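Here is the structure we will look at.
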Amino acid sequence: MPAPAMSVAPLPDRVEIFLSEGQLRDRVRELGRQIARDHAGLPLTLVGVLKGSFVFLADLCRAVDLPLEVDFVGATSYEGTTTTGEVRITRDLQRPVEGRHVVLVEDILDTGLTMRRLLDVLSAHRPASLKVCALLEKPSRARVRIPLDYRGFVIGDEFVVGYGLDHEERHRNLPYVGVLRGVR
Ligand code: IMP
């Protein structure tokens, strides 16, 4: 009997673990404690940036032991692994934050262009204060300077996925942060 024809499967993306679930858990707890310490007794809103921050924000908000509100803004500038440099706002806040203390929660600070644009959008809502939290920062790629109030980890110029971060919408559900080899 002839051997069945072999179908050629696409090569799986090569993801190497970069930050483990345990490392992420410990750091997110510390960030949550810092945010709680800085906002005790204040009306607090955590604003996640869709889509990449959704996993981080889900863990972070449970690490902040204070009453708080959660809202989301949407922004996009990436096609594949390259930034177009043009930031498009896809969703604005749904709840007023005037007089409230806002922490903008982002997955990764890369060129900083998205954050710069979002800080302008959020400032127009007249919060009492506006702070910035990013799980990851890639300082070597910064095109505008965004001082972070809360930073998870500083990383090099690698394209990372998992824990909410994607490559063409894949890998967001990995429980760790991994480096995608062969894309940069
Ligand atoms: P920025 O405007 O260049 O700072 O880009 C911020 C956005 O680009 C992030 O919120 C991510 O959605 C995306 N991004 C930047 N670097 C990476 C990466 O290494 N992996 C996945 N997404 C990334």
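In this text the structure is predicted, and so the values were computed from the model without any measurement. Order of appearance sets the numbers: ligands from 1, and atoms from 1 within every ligand.
Taking all atoms of both residues into account, the shortest heavy-atom contact from R91 to L50 is CD-CD1, 3.9 Å.
Taking every heavy atom of E106 and a limit of under 4.0 angstrom, the matching atoms of ligand 1 come to 10 (O). Of all the atoms in ligand 1, the ones that sit under 4.0 Å from a non-hydrogen atom of F159 are 17 (C), 18 (C), 19 (O), 20 (N), 21 (C), 22 (N). Near G112, meaning under 4.0 Å from one of its heavy atoms, ligand 1 places the atoms 1 (P), 3 (O), 4 (O). For ligand 1 and D107, the ligand atoms under 4.0 Å from any heavy atom of the residue are 9 (C), 10 (O), 11 (C), 12 (O). Shown in contact with D166 at under 4.0 Å from a heavy atom are these atoms of ligand 1, numbered in order with element: 21 (C). Remark: ligand 1 atoms within the under-4.0 Å shell around heavy atoms of E158 are 19 (O).
Looking at V160 next to ligand 1, an N or O pair under 3.5 Å apart turns up.
Taking the charged nitrogens against the carboxylate oxygens, R27 and E30 do have a contact shorter than 4.0 Å, which makes a salt bridge. Taking the charged nitrogens against the carboxylate oxygens, K138 and E158 have no contact shorter than 4.0 Å, which rules out a salt bridge.
Defined by atom type and a distance below 3.5 Å, a donor-acceptor pair is present between the side-chain atoms of D92 and H125.
Ligand 1 does not have M115 within reach: every non-hydrogen atom of the residue lies 4.0 Å or more from it. Heavy-atom separations between R143 and ligand 1 are all 4.0 Å or longer. The closest approach between V87 and ligand 1 stays at or above 4.0 Å for every heavy atom of the residue. Residue-ligand proximity: K138 is placed with a non-hydrogen atom under 4.0 Å from ligand 1. No heavy atom of V161 sits closer than 4.0 Å to any atom of ligand 1.
Partners of D59 under the side chain to side chain donor-acceptor pair (under 3.5 Å) rule, at least two apart in sequence or in another chain, are R62, Y163.
Judged purely by atom type and a 3.5 angstrom limit, S53 has no side-chain atom pairing as donor or acceptor with the backbone of F56. A donor-acceptor distance shorter than 3.5 angstrom exists from the side chain of D149 to the backbone of V132, with no hydrogens or angles considered. No donor-acceptor distance shorter than 3.5 angstrom exists from the side chain of D107 to the backbone of L165, with no hydrogens or angles considered.
Contacts classified as salt bridge (charged side-chain N to carboxylate O under 4.0 Å, His left out) and involving residues 95-106 (residues at least two apart or in different chains) are given here: E69-R95, E69-R100, E98-R126.
In the candidate list L165, V177, T114, L165 is nearest to atom 22 (N) of ligand 1, counting heavy atoms. In this comparison of V49, L136, L50, I108, the heavy atom closest to atom 11 (C) of ligand 1 sits on I108.
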